[in-house]
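These numbers come from the heavy atoms of this one structure, side chains and all, not from hydrogens, waters or symmetry mates. Each chain gets a letter, A, B and so on, in the order its sequence line appears, and its residues count up from 1.
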Amino acid sequence: MSNYDFKAIEEKWQKYWEEKDLFHCGEDASKEKYYVLEMFPYPSGKLHMGHVRNYSIGDVIARFLKMNGYNVLHPMGWDSFGLPAENAAIKHKAAPDKWTRDNIREMRQQLKMLGISYDWDREVATCDPRYYKWMQWIFIQFYKHGLAYKKKNPVNWCPSCQTVLANEQVVDGACERCGTPVGKKELEQWYFKITDYADRLLADLEKLPGWPEKVKSMQRNWIGKSMGAEVEFTIEGFDKNLTIFTTRPDTLFGVTYMVLAPEHPYVKDLVAGTSYEKDVADFLDRLQYMSEIERTATTLEKEGVFIGRYAINPVNGKKVPIYIANYVLMDYGTGAIMAVPAHDTRDFDFAKKYHIDIIPVIDPKKDDIDVNDLKAAFIEDGVMINSGPFDGLTVEEGKAAIIKMIEEKGIGKASVNYRLRDWLISRQRYWGTPIPMVYCEKCGWVPVEEKDLPVLLPEDVEFTGKGESPLKSSESFMHTTCPKCGGPAVRESDTMDTFLDSSWYFLRYCDARNTQKIYDKEKTDYWMPVDQYIGGVEHAILHLLYSRFFTKVLHDLGLCSVEEPFTNLLTQGMVLKDGSKMSKSKGNVVSPEEIIAKYGADTARLFILFTAPPERDLEWSDTGVEGSYRFLNRVWRLIQELSEVIAPSGSPVQIREEDKELNYVLNTTIKRVTDDIRERFNFNTAVSAIMELVNEMYRYKETEGRNLPLLRKASDELVMILSPFVPHICEELWQMLGHEEDLTGQKWPSYDEKALVKDEIEVVIQINGKVKDKMNVPSGLSKDDFEKLVMGLPRTKELIGEKPVAKVICVPGKLVNIVVK
RNA sequence: GCAGGCAUGGCGGAAUUGGCAGACGCGCACGGUUCAGGUCCGUGUGAAAGCAAUUUCAUGGAGGUUCGAAUCCUCUUGCCUGCACCA
């Protein structure tokens, strides 16, 4: 009897898999393909438990499907551009390149220690010139198709990271990375035209039944589509019309004032030379001292000033005052609104404060609301009033009718607005993909020619951490010639947002070593889409939205057949300790290294897969880990003992009466595990089922005259169905059972339908829906026979007693419910 | 405010189509093995009442549909997540 020496076993099999190159895959038209992908990590240096969870889940799926005959693509790589490497460079004077490569080496080693079945031949690192060459190539395709443009705009600026941020990277007014409050800065930057795809990104969410509702709803929210109308108001004594956006054209007759965003370009001209000029300047001054967070807080008191001008309502010719106010934002809609205090909460508050008229145009038709003395804005459905020819229409009808009218009169049109902004992709940082653009005095912005890619990151740079791209400090990098006219030119010194790098890596995996093209389209056509994508819900908006955008653009450019990259998405829960996320600052980190050293990778994997279903948060438990370790030892002892006595492999199995229970448990377990992995990803219940089988085998092996061929079959199949979860110990046990070939190449066991049916089944007898007794009856009876049998039993008669039977409900094979008066 | 999700023993969680609530594991208790501790093996373990057979209660709360509800419907409470002066 030997002990379960996990360390030796895990090293042995990891080496074996690597030497045999067992997880390498290629296109094979004769097999059904399956692309399983886990979100690639940032190489911070050490794996954490969240990684272990992510990759263990993916590995169960990959190994299971491989055993089920699928051609499985399961790659891994590194999202290796980004700030930490550059900060390390500033702090320790270490080259970002070396720092990153060291970390990758270390983390690759740790991943191998977990025994995840990756095809390492497809490994990519986004900081590798062989990868970012194609990133630059994609940028140029975007540029050539009008999807990349440069624009001067107030942008989000993180004073700590010393770089700009995309809207998506600003969380609660602070930097997503470091938590520093974000400011505004006027800068000329590169943008991607994601707004061109807003409608498709929204509509195609309907094509993703395999995504969690939560993620789809977050994306819908983020895209923020509003249907409404644009209406033009004339301004008294001013030659330009004021265009507003509204979602409530039906309330157009209830407009009592207008509001412009303080930054609205008209404001200056409208007050120039009037007595209101000073009021407006004072108001703008006050706003400037506020941070973005204060400025946009919902709790902020609504404030504004009248600017001395009037607009004319185009539908009734009414003259209404124009205000500027803090609650109207320049970067949504047209930066101007029509205010209908009777039917908008914000307008109502503002009108009350500044004593502006409130004219109801929607009648609530409710007794408890007096239309002419509203206590609050009425924002629900009702019937139009005070609206001339439109009186009597419902809100829905009114919207359509008014839009039709303004379109006919040429004073407005139906319009759609999105919350989504174009994607700001420039970063004033070193450790990212250089933007392959050159500026020439004569020709303007010119893309670098394809033959000159990649534009390599220079090494002679200074890391100051001061607001300007370090690339600027490299003379040799900056000065170049114009690809168009050959004259002197300078390079773009900014690098790309690292979210670009991760928006197409799943395509590159399909043909990761191609040096001639971004990839061979035939290969992506074979592998794409990703059948199962797995990662944390924190990427629900950023990464997943950007990846969908890239896929659609590449599709439109004829580079990709699919329009959606990820068919199924599994968002795994967090790994918690003492109720909160593991973090260094809280001091509640359990390191994977530590657990692997103490119990082995198989125990770590088993614990994580068994303790909670994948979508839920997982509470770390030291005793739970012990339990998983205990179970593996139990399996080890069982198979070790049986391997010495059981019949040889392939012995014919005869099932006798006394073998039926084990045979039943064995077959149901295979069915449960198969279904749990394939249909539901419920690894916790799959493991439970296997534990029950092990318990039954322990019981059965002590019985007299045990069936040795059956025990052989049970042992083999137990090891096989356990192997996707804990592959190392299973390979070892498989070998112990006398098999010459490795377990990884085995075919997943099937179950015998006949063995799933017992001769006798336990049924429940209920009186008025309450369980009164249980009894065994032969299985496979018809409904009538079953009812006759049960009703004829003395025990049933006893339970009914003297009471008259009103009804009998009979579910064959399950229960009989007798309703008595 | 809007949107999405969650709620089951001391704990993690099961219950797949409306059909035995609490599988499996942790923890705990008792017994065996042991010089002893650990390991391992066995038994028990939702609550309350009872010597017991058994009975009653129980899936956040209140109603409802149904022969039958953790599961379906209505309302409600608490928690988590996302968005938010978005016109």
Inset, instruction - Check every strand shown and say whether D617(A) touches a base, only sugar-phosphate, or nothing at a heavy-atom separation below 4.0 Å. - result: sugar-phosphate
Legend entry - Side-chain heavy atoms of L718(A) within contact of L638(A), under 4.5 Å: yes
Inset, instruction - With P as the reference atom in both, quote the distance from rU77(B) to rG25(B) in angstrom, rounded to an integer. - result: 40 Å
Inset, instruction - From the options rG19(B), rC67(B), rG4(B), select the nucleotide whose nearest atom is closest to the side chain of E213(A). - result: rG4(B)
Inset, instruction - Would you kindly say whether T685(A) and D676(A) are connected by a side-chain donor-acceptor distance under 3.5 Å? - result: yes
Inset, instruction - In whole angstrom, give me the gap between the C1' atoms of rG60(B) and rU8(B). - result: 10 Å
Inset, instruction - Determine the interatomic distance between P on rU16(B) and the same-named atom on rC72(B); round to the nearest Å. - result: 11 Å
Inset, instruction - Just call it for K774(A): base, sugar-phosphate, or nothing, with non-hydrogen atoms closer than 4.0 Å on any strand. - result: base
Inset, instruction - Find the distance N633(A):CG to rC41(B):C1' and express it as a whole number of Å. - result: 15 Å
Inset, instruction - Assign R630(A) to base, sugar-phosphate, or nothing according to its heavy-atom contacts below 4.0 angstrom with the strands shown. - result: sugar-phosphate
Legend entry - Sugar-phosphate only, base, or nothing, as touched by E679(A) at under 4.0 Å among non-hydrogen atoms: nothing
Inset, instruction - Select base, sugar-phosphate, or nothing to describe what E762(A) touches, counting heavy atoms under 4.0 Å on all strands. - result: base
Legend entry - Nearest listed nucleotide, side chain of R672(A), among rC85(B), rU16(B), rA15(B): rU16(B)
Inset, instruction - Assign E619(A) to base, sugar-phosphate, or nothing according to its heavy-atom contacts below 4.0 angstrom with the strands shown. - result: nothing
Legend entry - Side chain of F610(A) (C-beta onward), nearest among rU16(B), rA87(B), rG25(B): rG25(B)
Legend entry - K216(A) side-chain N/O to rG5(B) phosphate OP1/OP2 under 4.0 Å: no
Inset, instruction - Under 4.0 Å between any heavy atoms, over every strand shown, what does P613(A) touch: base, sugar-phosphate, or nothing? Just pick one. - result: sugar-phosphate
Inset, instruction - Would you mind classifying the nucleic acid contact of S621(A) as base, sugar-phosphate or nothing, using non-hydrogen atoms under 4.0 angstrom? - result: nothing
Legend entry - Of the listed nucleotides rA14(B), rA84(B), rC85(B), the one nearest the side chain of R419(A): rA84(B)
Legend entry - Donor-acceptor under 3.5 Å (H343(A) side chain, V361(A) main chain): yes
Inset, instruction - Ignoring the backbone of R637(A), work out which of rU16(B), rC24(B), rC41(B) is nearest its side chain. - result: rC41(B)
Inset, instruction - Answer yes or no: is there an ion pair linking E661(A) with K758(A), defined by an N-O contact shorter than 4.0 Å? - result: yes
Inset, instruction - Decide, for rG68(B), between syn and anti: a glycosidic angle within 90° of 0 counts as syn, anything else as anti. - result: anti
Inset, instruction - Select base, sugar-phosphate, or nothing to describe what V764(A) touches, counting heavy atoms under 4.0 Å on all strands. - result: base
Inset, instruction - Check whether the side chain of N817(A) and the base of rC67(B) form a donor-acceptor pair under 3.5 Å. - result: yes
Inset, instruction - Please confirm whether R634(A) makes a cation-pi placement over Y698(A), using NZ or CZ under 6.0 Å from the six-membered ring centre and within 45° of the ring normal. - result: yes
Legend entry - Integer-rounded Å distance: rA14(B) P and E692(A) CD: 14 Å
Legend entry - Distance test, side-chain N/O of R616(A) to OP1/OP2 of rG12(B), below 4.0 Å: no
Legend entry - Heavy-atom pair with the smallest gap, counting every atom of A166(A) and Y546(A): CB-OH, 3.9 Å
Inset, instruction - Mind checking D344(A) for me? I need base, sugar-phosphate or nothing, with any heavy atom below 4.0 Å counting as a touch. - result: nothing
Inset, instruction - Check whether any side-chain nitrogen or oxygen of N768(A) sits under 4.0 Å from OP1 or OP2 of rG68(B), and answer yes or no. - result: no
Inset, instruction - Taking atom C1' in both rC67(B) and rA62(B), compute the distance separating them and give it to the nearest angstrom. - result: 24 Å
Inset, instruction - Using a 4.0 Å heavy-atom cut-off across all strands, classify S217(A) as base, sugar-phosphate, or nothing. - result: sugar-phosphate
Inset, instruction - May I ask you to check whether Y257(A) and Y354(A) place their ring centres under 6.0 Å from each other? - result: no
Inset, instruction - Identify whether any heavy atom of N695(A) sits under 4.0 Å from a base atom; if not, whether one sits that close to sugar-phosphate; answer base, sugar-phosphate or nothing. - result: sugar-phosphate
Inset, instruction - Ignoring backbone atoms, test whether R346(A) places a side-chain nitrogen or oxygen under 4.0 Å from the OP1 or OP2 oxygen of rC86(B). - result: yes
